[in-house]
Amino acid sequence: MSIIETCESEVRYYCRKYPVVFHRSKNAEMYDTEGNRYIDFLAVAGSMNYGHNNPYIKKAILRYLEEDRPINMLDMTTTAKNEFLETMRELILKPRNMNYKIMCCGPTGTNAIEAALKLARKNTGREGVIAFGGGFHGMTLGSLACTSDRGSRLGGHIPLPYVTHIPFDGTPEIDSLACLRWVLSDDHSGVEKPAAIVLETVQAEGGINVAGVEWLKAVRRICTEEKILMIVDDIQVGNGRCGSFFSFERAGILPDIVVLSKSISGFGNPMAILLIKPEYDIFNPAEHNGTFRGNQLSFVGGKAGLEFYVQNEMDKAVAGKAKLIENYIKENILTIDPRITLRGIGMIWGIDLSAIEPWLADRVIRLCFTRGLILESAGRKNSVIKLLPPLTIEDEVLTEGLSILKEMIREAVAK
Ligand SMILES: Cc1ncc(COP(=O)(O)O)c(C=O)c1O
């Protein structure tokens with residue numbers, strides 16, 4: 001029995017799916033202790049957008065460590081934090097005409113979602129929130145109440161109140177906007193006016209559901225008209241994943257609060273922030289305190305990550321690789337069986353096998369792992385294969401991974 005099986009809690013998950021001991025990782029490749037190579041189409045759930053051990057970011061962090069600079073500092077002022085904030089403002093916010101305050105939260109996505117919900121409630125004096133079927137926002141009670149999947153919600157073991165779920169854009173046979181408008185306008189809908197609408201513009205864990213531009217614009221319009229705060233959870237699909245730094249840029253909208261985590265620290269260190277329109281920045285000092293809001297390695301890596309993103313014109317790189325992925329899947333995978341469907345944008349794609357058999361996706365993922373490809377399933381009954389490689393993956397490695405995936409889908413469908 002390994003130390004994992006004897007010592008670690010039963011709650012462990014990914015180590016069950018990928019049962020090897022990982023030892024080394026470089027860009028989109030990982031190696032186990034036996035020297036076996038794995039192509040990474042998971043990017044640590046979207047926290048390694050700029051690749052494992054990105055040399056530019058690593059250099060900045062190593063230099064910082066060499067100089068005996070502070071590592072954890074609550075929210076005290078440090079040069080590392082100042083430089084991150086300045087880089088975020090100059091490289092990302094200003095060029096997009098985005099005037100936002102930056103709040104450093106506890107270092108997980110779920111903590112930042114909790115902060116966003118609290119802030120929306122404080123601003124409006126209302127309690128309720130509207131979220132969407134298929135949405136994933138985290139595992140602590142406030143964010144879990146916004147998360148839709150039953151399995152995760154049951155883990156709360158208490159009621160998860162104050163959230164109404166509406167069908168997301170693209171839900172078959174349902175007009176999502178009509179539902180939303182009805183809930184808000186009918187004085188017999190049974191739902192009080194909410195403080196916020198929280199959404200992912202591309203539902204990642206929910207099965208790669210891409211909201212349409214018109215839908216996003218309409219939600220923005222409704223929020224403005226009703227004085228409801230629009231919270232965009234860009235934790236997984238921000239940081240360049242969808243082909244622009246923020247996932248909502250394609251709709252030309254500005255949310256009231258943007259939630260970022262995962263790849264915002266550049267190097268995989270824990271970090272989460274809110275971008276808040278200044279008029280809503282009304283927390284009292286310490287009202288959302290936390291010890292680990294000042295991980296300086298996250299600020300250093302975050303600054304270098306933003307520089308890397310801009311200097312390397314990642315938007316263009318993602319556009320090229322997005323085409324490669326889409327064309328490859330259309331030509332080589334959708335042709336395996338007409339029941340296979342594809343959804344995605346930028347460098348997040350979902351291959352939906354539910355029309356064949358819901359559990360097929362997990363079988364494919366297990367097969368892929370035996371051939372050295374790491375990916376994850378998502379969506380209803382985990383029936384969608386999720387492709388989420390680092391944005392920096394080399395075209396040859398990307399094609400090699402896609403070719404393993406094709407072979408394994410062919411093999412699983414044939415059985
Ligand atoms: C869209 C989204 N929101 C929130 C979270 C929660 O982030 P964390 O796991 O860091 O708490 C995740 C995590 O996968 C996510 O994908």
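Both ligands and their constituent atoms are indexed starting at 1 by order of listing. Counting from 1, the numbers follow the sequence of the chain as shown.
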Q: Side-chain contact, heavy-atom cut-off 4.5 Å: N111 with H288?
A: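 Result yes, sub-4.5 Å side-chain heavy-atom pair found.
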Q: Taking only heavy atoms of T108 into account, list the atoms of ligand 1 that are under 4.0 Å away from them.
A: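 What qualifies from ligand 1 is 10 (O), 11 (O).
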Q: For atom 15 (C) of ligand 1, grab the closest protein heavy atom and report residue, atom and distance to one decimal in Å.
A: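 Here the nearest protein heavy atom works out to F136 CD2, 3.7 Å.
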Q: Counting heavy atoms only, which of E114, M139, Q236, E200 comes nearest to atom 16 (O) of ligand 1?
A: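 The option holding the nearest heavy atom is Q236.
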Q: Which of the atoms of ligand 1 are close to H137, meaning less than 4.0 Å from one of its heavy atoms?
A: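 The list of qualifying atoms is 3 (N), 4 (C).
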Q: With a 4.5 Å cut-off on side-chain heavy atoms, are R343 and W349 touching?
A: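 A side-chain contact under 4.5 Å is absent here.
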Q: Going by side-chain contact (heavy atoms from CB on, under 4.5 Å), L402 matches just one of I39, L324, L373. Which one?
A: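 With L402 as partner, side-chain contact (heavy atoms from CB on, under 4.5 Å) holds for just one option, L324.
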Q: Specify the protein heavy atom at minimum distance from atom 13 (C) of ligand 1: its residue, its atom name, and the distance to 0.1 Å.
A: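 In this structure, atom 13 (C) of ligand 1 has K262 NZ, 3.2 Å as its nearest protein heavy atom.
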Q: What protein heavy atom sits nearest atom 8 (P) of ligand 1, and how far away is it?
A: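 Ranking protein heavy atoms by distance from atom 8 (P) of ligand 1, first comes G109 N, 3.5 Å.
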Q: Please report whether ligand 1 has a polar contact with E205, defined as an N or O pair separated by less than 3.5 Å (distance criterion only).
A: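 No.
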Q: Could you check if a side-chain atom of E357 sits within less than 4.5 angstrom of a side-chain atom of K381, using non-hydrogen atoms only?
A: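 A side-chain contact under 4.5 Å is absent here.
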Q: For a 4.5 angstrom cut-off between non-hydrogen side-chain atoms, does R293 reach M103?
A: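 They are not in side-chain contact.
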Q: Around atom 11 (O) of ligand 1, find the nearest protein heavy atom and jot down its residue, atom name and distance.
A: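 Going by distance alone, atom 11 (O) of ligand 1 is nearest to T110 N, 2.9 Å.
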Q: Would you say that H23 contacts Y31 through its side chain, given a criterion of any heavy-atom pair below 4.5 Å between the two side chains?
A: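 Contact flag for H23/Y31 side chains = no.
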Q: May I ask you to identify the nearest protein heavy atom to atom 3 (N) of ligand 1, giving residue, atom name and distance to one decimal place in Å?
A: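 Protein heavy atom at minimum distance: D233 OD2, 2.6 Å.
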Q: In sequence, state the C-alpha distance, the side-chain angles, and the governing distance for Y38 and Y18, and then conclude on ring pair (Phe, Tyr, Trp, His ring centres under 6.0 Å).
A: CA-CA 10 Å; Y38 302 86; Y18 318 114; 8.7 Å; no
